[in-house]
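See below for the structure under consideration.
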Amino acid sequence: MTRSHPHPHSLPHPSRRALLGGAALTAFAVATGAGAGTANAATGTRTATTTGGGAGGGTWPTEFPLPNGFLPEGIAIGRKPYAYMGSRANGAIYRTDLRTGEGGILFAGGTGLIAVGLKLDHDGLLYVAGNTGVARTHDSRTGEVVATHQLSEPTGHFINDVTLLGDRAWFTDSRAAALYGVPRGRTGTVKTLPLTGDWVQLPDVNNANGIVGTPDGRALIVVKSTPGELYNVNLRTGRAIKITLVGAANVVNGDGLYRIGRTLYVVQNRLNLISVFHLDSKATTATLTGTITDPRFDVPTTAARFGNRLYLVNARFTSPQTPETTFTGVAVPI
């Protein structure tokens, strides 16, 4: 794993501080259990070998298999050590025990179904972005479909990712300038929130992709994959303000987002990279504080956290997408 720290200022989480110099990097590796590695003080990069130190105090695997041909993209983790991953092939959902790396099919999927972004709620409901204008809610214990929501017309739309904020699950549409708010729970009316302000919808490319709430819970952060921008979206009006990036020209190929406090992780899929930003108090400026790469990355798309790790799925977009194609999930320390 390679970590680059171009901006050595403090973050809310000590393990993400930019530590330059051989002695400081050695101390960092010992303190966090991140593994042995080599450091280049001149460039501020660190290459480490990830060890099996578990998020729960044991030795948990840092890589696990998914079924051949599964075509994963989304991953969700709740309070328990289980990862839920969705299939672009048929909408199936696979659940892995993070303690062992072993898993199985929770929901078998079906013809015409797709599962991309996922989020797990505290009540056990799993919200799934279904691409073709659809969002689904599943029971995470049984896999049963609890509700299906038709958010838009089935064609010309790409319901891509989801986050939980307030009383709604908010879904992005990569092919339309709108977000959709599905009530958390089993009933309620879907809200469509048109994107205005600085938002300019581009034709024939993926626009809105990953989504998270702001630290104060009053707005949403959306990544626009093309041309690689971040936006702060007002929950009431849909007005989008382009977030100023400091230390990075863009977040091209931005896919999944994950936030811990004011630290924002942006997964840049085809770059095999996670860019780490520090948000200002209003979440209108994002300063690059480091990057994370790993030789096991093979077009990672989205990330979820358990303990001191981020877990990601390798979508392998640049490899043949066949029933025999192998897929994995991987973990990196944070």
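Quick note: numbers below take in every heavy atom, side chains included, and nothing from hydrogens, waters or symmetry partners.
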State, to 0.1 Å, how close [X] and [Y] come at their nearest heavy-atom pair, and which atoms those are.
X      : Y      : result
Ser275 : Leu288 : CB-CD1, 3.9 Å
Val267 : Pro300 : CG1-O, 3.3 Å
Leu151 : Val182 : CD2-CG2, 3.8 Å
Asn209 : Ser225 : ND2-OG, 3.0 Å
Leu193 : Gly238 : CD1-N, 3.6 Å
Asp255 : Val223 : O-CG1, 3.3 Å

What verdict does the side chain to side chain contact (heavy atoms under 4.5 Å, CB included) test give for Lys282 and Thr214, after you've listed the backbone C-alpha separation in whole Å, the side-chain angles of each residue and the deciding distance to 0.1 Å? CA-CA 8 Å; Lys282 296 183 179 180; Thr214 56; over 6 Å; no

For atom CZ of Arg239, is the number of surrounding heavy atoms from other residues, nucleotides or ligands below 6.0 Å larger than 12?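 Atom CZ in Arg239 is not packed in, count stays at 12 or less.
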
Examine distances only and state if a side-chain atom of [X] and a backbone atom of [Y] form a donor-acceptor pair shorter than 3.5 Å.
X      : Y      : value
Arg136 : Ile114 : yes
Asn207 : Leu202 : yes
Asp121 : Gly124 : no
His138 : Leu126 : no
Arg270 : Val252 : no
Tyr311 : Ala303 : no
Glu324 : Thr326 : no
Thr301 : Glu73  : yes

Let me confirm one number: the [atom1]-[atom2] distance from [X] to [Y], rounded to the nearest 0.5 Å.
X      : Y      : atom1 : atom2 : result
Leu279 : Asp216 : CG    : CG    : 10.5 Å
Leu257 : Leu230 : CG    : CG    : 6.5 Å
His278 : Thr287 : NE2   : OG1   : 7.0 Å
Leu71  : Asn90  : CG    : CG    : 8.5 Å
Leu106 : Tyr84  : CG    : OH    : 6.5 Å
Asn131 : Leu113 : CG    : CG    : 11.0 Å

Can you tell if the side chain of [X] reaches within under 4.5 Å of the side chain of [Y], non-hydrogen atoms only?
X      : Y      : answer
Phe297 : Leu273 : no
Val330 : Asn314 : yes
Leu66  : Pro72  : yes
Arg259 : Arg305 : no
Glu229 : Val251 : no
Leu310 : Tyr265 : yes
Leu220 : Val212 : no
Tyr258 : Ile274 : no

Using the rule side-chain contact (heavy atoms from CB on, under 4.5 Å), only one of Ile334, Thr62, Val332 pairs with Arg309; which is it?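 In the set Ile334, Thr62, Val332, the residue that makes a side-chain contact (heavy atoms from CB on, under 4.5 Å) with Arg309 is Thr62.
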
With hydrophobic residues grouped by side-chain heavy-atom distances under 4.5 Å, do [X] and [Y] end up in a single group?
X      : Y      : answer
Phe158 : Leu179 : no
Tyr82  : Phe64  : no
Leu98  : Ile105 : yes
Ile75  : Trp170 : no
Leu125 : Val190 : yes

Before you tell me yes or no, could you show the steps for Lys119 and Asp161 under side chain to side chain contact (heavy atoms under 4.5 Å, CB included), namely the whole-Å CA-CA distance, both residues' side-chain angles and the distance that decides it to 0.1 Å? CA-CA 9 Å; Lys119 284 295 181 296; Asp161 208 351; 4.1 Å; yes

Evaluate the criterion side chain to side chain contact (heavy atoms under 4.5 Å, CB included) for residue pair Val162 and Val128; output intermediate values, then yes/no. CA-CA 7 Å; Val162 56; Val128 179; over 6 Å; no

With sequence neighbours left out, write down each residue that passes side-chain hydrogen bond (donor to acceptor under 3.5 Å, both in side chains) with Asp298, or none if nothing qualifies.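 Checked Asp298 against side-chain hydrogen bond (donor to acceptor under 3.5 Å, both in side chains); matches are Arg316.
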
Under 6.0 Å between the ring centres of Tyr231 and Trp199?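 Here the rings of Trp199 and Tyr231 have centres that are less than 6.0 Å from each other.
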
Report the C-alpha separation of Asn160 and Thr172 in whole Å, then their side-chain angles, then the decisive distance to 0.1 Å, and conclude whether the side-chain hydrogen bond (donor to acceptor under 3.5 Å, both in side chains) test is met. CA-CA 6 Å; Asn160 198 336; Thr172 58; 5.4 Å; no

Return yes if a side-chain donor-acceptor contact under 3.5 Å exists between Gln201 and Arg175, otherwise no.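 No, no side-chain donor-acceptor contact under 3.5 Å.
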
Show the numbers, then the answer: is there a side chain to side chain contact (heavy atoms under 4.5 Å, CB included) between Leu164 and Tyr127? CA-CA 9 Å; Leu164 305 177; Tyr127 294 85; 3.8 Å; yes

